[in-house]
Amino acid sequence: MPIDHKHPISGASYSAVELAEDNAAVLMLDQRRLPTEEIYERLRSSSEVARGIRDMVVRGAPAIGVAAAYGVVLAARQAKSLDELGALALEIRSARPTAVNLMWAVDRMLSAAQAFGRVDVAMLAAEARTLHRDDVAANRKLGALGAERVPDGATILTHCNAGALATGGYGSALGVIRAAVGAGKRVRVLADETRPYLQGLRLTAWELHQDGIPVEILTDGMAGWFFAQNAIDLSVVGADRIARNGDVANKIGTYSVACLSRAHERPFYVAAPWSTVDVDCATGESIPIEERSPTEITHFGGRRIAPEGVGARNPAFDVTPARLVNAIFTERGVIDPVNESSVTRLAGGA
Ligand code: MRU
């Protein structure tokens with residue numbers, strides 16, 4: 001059932017994920033069905049939340065983190081001890097490998113439970129709602145910082161969906177665009193369709209169109225041609241994990257956008273809350289890249305479109321080296337230049 005009021009935490013009429021008022025269920029907007037159907041799944045156990053993350057009912061690094069935090073609340077309803085809570089949380093923590101927000105959120109919830117000294121559903125629900133609110137506030141802050149780099153009249157390329165649907169609300173890359181529009185700048189957006197899951201075509205286009213922000217869809221192979229015609233002023237994308245040296249893992253195809261941006265001397269920006277930065281990961285080489293089923297490529301709408309007997313490769317993410325990233329917008333400040341000393345300085349380590 002659609003949420004027909006402004007959601008108090010996401011600030012929009014929709015919310016990727018929320019906790020039911022009685023703390024007994026997690027509501028996930030089924031992003032596999034957007035934009036044709038706006039349906040919320042009601043999940044009643046931590047295993048169901050893990051399944052919702054694995055099957056991409058909810059997706060996008062910060063939204064996965066919020067869902068995981070709410071999943072730990074459901075685990076707390078089932079667990080009789082902190083050990084049992086930790087065991088149930090492990091299933092959520094391992095639902096997808098690349099977005100570090102997932103591990104970060106579960107660990108924050110378990111630390112809160114440890115600090116409290118017992119399994120307390122109400123306390124964990126309050127902690128999870130705070131984590132959700134913090135994510136929206138972070139997106140608004142980093143969006144405003146990023147918007148300063150957006151010229152009036154810019155045409156902006158984005159890849160995948162790093163919007164309200166991919167976060168607790170407002171969005172990271174789309175947060176930059178929303179903040180630029182809020183500051184009175186006229187912008188146009190080109191959204192890569194983002195094969196094979198079509199997050200750009202289905203989700204980014206849906207979100208921006210609802211906000212009245214001009215958006216057109218490109219197939220993934222078109223961006224080079226638009227750069228060649230000087231039709232793109234800058235690119236901004238989200239991130240699933242940022243390594244200590246500034247390498248960025250994001251949706252497959254992001255690296256191509258970064259290479260094109262550099263070849264055509266246009267800025268390539270990344271927008272992400274600090275929960276996406278993994279200072280324990282020295283470089284992009286140690287970021288685990290999720291491999292998804294080849295059927296996402298070989299099949300379309302449940303029907304095989306590739307020749308029988310031919311396989312497909314399906315890495316869900318790639319890594320863009322720090323040297324191709326002009327700046328990273330976070331709520332702690334702008335990482336520019338993008339290198340290890342800038343990241344560790346913002347991390348508080350130098
Ligand atoms: O596979 P997905 O849809 O979860 O991948 C999402 C992305 O790659 C996003 O760009 C990233 O998580 C940032 S979302 C603010």
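As the structure is a prediction and not an experimental result, all values here were calculated from the model. In each ligand, atom 1 is the first atom listed, and ligand 1 is the first ligand listed.
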Is the closest heavy atom of [X] to ligand 1 under 4.0 Å?
X: Ala99; result: no
X: Glu290; result: no
X: Ala239; result: yes
X: Gln31; result: no

Legend entry - Asp233 to Arg266 - nearest heavy-atom pair and separation: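 Result for this residue pair: O-CD, 3.2 Å.
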
Residue [X] vicinity, atoms of ligand 1 by number, heavy atom under 4.0 Å:
X: Ala162; answer: 14 (S), 15 (C)
X: Arg96; answer: 1 (O), 2 (P), 4 (O)
X: Met56; answer: 1 (O), 3 (O)

[X] with [Y]: basic N within carboxylate O range, under 4.0 Å:
X: Arg59; Y: Asp240; result: no
X: Glu48; Y: Arg44; result: no
X: Arg32; Y: Glu37; result: no
X: Arg195; Y: Glu193; result: no
X: Asp134; Y: Arg108; result: yes

Inset, instruction - Compare Asn250, Asn139, Thr254 and give the one whose heavy atom is closest to atom 10 (O) of ligand 1. - result: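 Shortest heavy-atom distance from atom 10 (O) of ligand 1: Asn250.
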
Indicate yes or no: does an N/O atom of [X] lie under 3.5 Å from an N/O atom of ligand 1?
X: Asp240; value: yes
X: Gln199; value: yes
X: Ala61; value: yes
X: Thr167; value: no
X: Gly60; value: yes

[atom] [closest protein heavy-atom partner, distance rounded to 0.1 Å]:
atom: atom 14 (S) of ligand 1; result: Ala166 CB, 3.5 Å
atom: atom 5 (O) of ligand 1; result: Lys251 CE, 3.3 Å
atom: atom 6 (C) of ligand 1; result: Arg59 NH2, 3.5 Å

Inset, instruction - May I ask you to decide if the ring planes of Tyr14 and Trp206 are parallel, tilted or perpendicular, using 30° and 60° as cut-offs? - result: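 Judged by the thresholds at 30° and 60°, the geometry between Tyr14 and Trp206 is tilted.
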
For ligand 1, is any non-hydrogen atom under 4.0 Å from [X]'s backbone (N, CA, C, O), its side chain (CB onward), both, or neither?
X: Ser172; answer: side chain
X: His159; answer: neither
X: Phe317; answer: side chain

Legend entry - Tyr197 six-ring centre to Arg202 NZ/CZ under 6.0 Å and within 45° of normal: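 Because its charged atom sits under 6.0 Å from the ring centre and within 45° of the axis, Arg202 does stack over Tyr197.
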
Inset, instruction - Indicate whether any N or O donor in one side chain lies under 3.5 Å from an N or O acceptor in the other, for Thr283 and Asp247. - result: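 Result is no, nothing qualifies.
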
Inset, instruction - Classify the side-chain pair Asn314/Glu296 by whether it contains a donor and acceptor separated by less than 3.5 Å. - result: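 Note: Asn314 and Glu296 side chains meet the donor-acceptor criterion.
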
Legend entry - Single hit among Arg188, Arg186, Lys185 for salt bridge (Lys or Arg N to Asp or Glu O under 4.0 Å) with Asp152: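 Filter result, single survivor: Arg186.
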
Inset, instruction - Verify the neighbour count for atom CD of Gln229: are there more than 12 heavy atoms of other residues, nucleotides or ligands below 6.0 Å? - result: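 Correct, the count exceeds 12.
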
